[in-house]
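Convention: sequence-line order gives letters A, B, ...; per-chain numbering from 1. In this text, all values refer to a predicted model and were calculated from it rather than measured experimentally. Because only heavy atoms are used, hydrogens play no part in the values below, and waters and symmetry mates are left out as well, while side chains stay in.
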Number of protein chains: 2
Amino acid sequence: MSTSKALPQPEREEIRIETVLQALGEPVRLQIVRLLAELPDGIACGEIDLPVTASTRAHHLRILREAGVLSTHTEGTKRISSLRRDDLDCLYPGLLSGVLAAPR
Amino acid sequence: MSTSKALPQPEREEIRIETVLQALGEPVRLQIVRLLAELPDGIACGEIDLPVTASTRAHHLRILREAGVLSTHTEGTKRISSLRRDDLDCLYPGLLSGVLAAPR
DNA sequence: CGAATAGTTCGACGCTTATCGTACTACGAT
DNA sequence: ATCGTAGTACGATAAGCGTCGAACTATTCG
């Protein structure tokens, strides 16, 4: 059977702008966010192609999750991460679209 | 006579989103930006009331200026810093308003 | 000129963070 | 139960960053 458990993350009211901006201000993490912005269904950690090891990738995903930028739930042995677009758009309308509008 | 020289700062095309986000992701700097958002005419370094020394303040202003977030010009012995709202809104529409919409 | 004011620069300090490798846990398949 | 796969946690290391005080530059005023 395929379990589906959500990992701990801040409630919408607990999200702080400083933490979000700090999370987004790291090249690798920003790339993850840009990737997730194009994948509404989320992606598994291992499917993210980046020039860092798996442990570093897990570290960045954790930072983003704890900042409230993304949400992660377990599906079998995989962990699917997806952008918390609703929460971010509600808290900081325009922020995400502005960031994503930036040239690569 | 009152000279008015602009300090070196990146052109609009040279501004990079990673640098901007990293600059904004620091509490003291974010507070400076929030303050400047309410003062279109800018403010002098010494008039910014923050719990850090003058040298730290100068440091943060430099980071923000070099990131392209704000613009500084000299007026006599004072240095007036102001938000580069036009450039930021053009490059990343919505980002600034989203950040400023965040609860204090 | 000299003194006062506004701000920057420099070196040092301690804290944080990005990265890695290894060891570990959780789940699925055989 | 055993093995393989997916991912996390931990410890170490090196680099980066925020902070300060002291020394320095630049401008105005007397």
Which nucleotide wins on minimum distance to the side chain of [X], given the candidates [options]?
{"X": "K78(B)", "options": "dG7(D), dA6(C), dT19(D)", "answer": "dA6(C)"}
{"X": "A54(B)", "options": "dT27(D), dT8(C), dT8(D)", "answer": "dT8(C)"}
{"X": "T56(A)", "options": "dC20(C), dA18(C), dG7(C)", "answer": "dC20(C)"}
{"X": "H59(A)", "options": "dA18(C), dG7(D), dC20(D)", "answer": "dA18(C)"}

Any [X] side-chain N or O less than 4.0 Å from OP1/OP2 of [N]:
{"X": "H60(B)", "N": "dC17(D)", "result": "no"}
{"X": "R79(A)", "N": "dT8(D)", "result": "yes"}
{"X": "T53(B)", "N": "dT19(D)", "result": "no"}
{"X": "R57(B)", "N": "dC20(D)", "result": "no"}

Rounded distance in Å - [atom1] ([X]) to [atom2] ([N]):
{"X": "I43(B)", "N": "dA6(C)", "atom1": "CD1", "atom2": "C1'", "value": "14 Å"}
{"X": "I32(B)", "N": "dG7(C)", "atom1": "CD1", "atom2": "C1'", "value": "14 Å"}
{"X": "L64(B)", "N": "dG7(C)", "atom1": "CG", "atom2": "P", "value": "16 Å"}
{"X": "I63(B)", "N": "dC17(D)", "atom1": "CD1", "atom2": "C1'", "value": "8 Å"}
{"X": "E26(B)", "N": "dC15(C)", "atom1": "CD", "atom2": "P", "value": "17 Å"}
{"X": "E75(B)", "N": "dA26(D)", "atom1": "CD", "atom2": "P", "value": "19 Å"}
{"X": "K5(A)", "N": "dA26(C)", "atom1": "NZ", "atom2": "P", "value": "8 Å"}
{"X": "I80(B)", "N": "dT8(C)", "atom1": "CD1", "atom2": "C1'", "value": "16 Å"}

Checklist entry - Distance from L64(B) atom CG to L36(B) atom CG, nearest 0.5 Å? => result 8.5 Å
Checklist entry - Just wondering, are more than 12 heavy atoms of other shown residues or ligands nearer than 6.0 Å to CZ in R16(A)? => result no
Checklist entry - Do the side chain of S55(A) and the base of dG21(C) come within less than 3.5 angstrom through a donor-acceptor pair of N or O atoms? => result yes
Checklist entry - Does any donor-acceptor pair link the side chain of T77(A) with the base of dG28(C) at a separation under 3.5 Å? => result no
Next on the checklist: For R104(A), is there an ion pair with E18(B) - N to carboxylate O distance below 4.0 angstrom?
Outcome noted: no
Next on the checklist: Counting the atoms with a prime plus P, OP1 and OP2 as sugar-phosphate, which does Q22(A) contact under 4.0 Å by heavy atoms, base, sugar-phosphate, or nothing?
Outcome noted: sugar-phosphate
Checklist outcome for this item: So side-chain hydrogen bond (donor to acceptor under 3.5 Å, both in side chains) across residues 60-69 of chain B, not counting sequence neighbours, yields R29(B)-H60(B), R62(B)-E66(B)
Next on the checklist: Test of understanding: with side-chain hydrogen bond (donor to acceptor under 3.5 Å, both in side chains), list the residues that count as partners of Q9(B), not counting sequence neighbours.
Outcome noted: S71(B), R84(B)
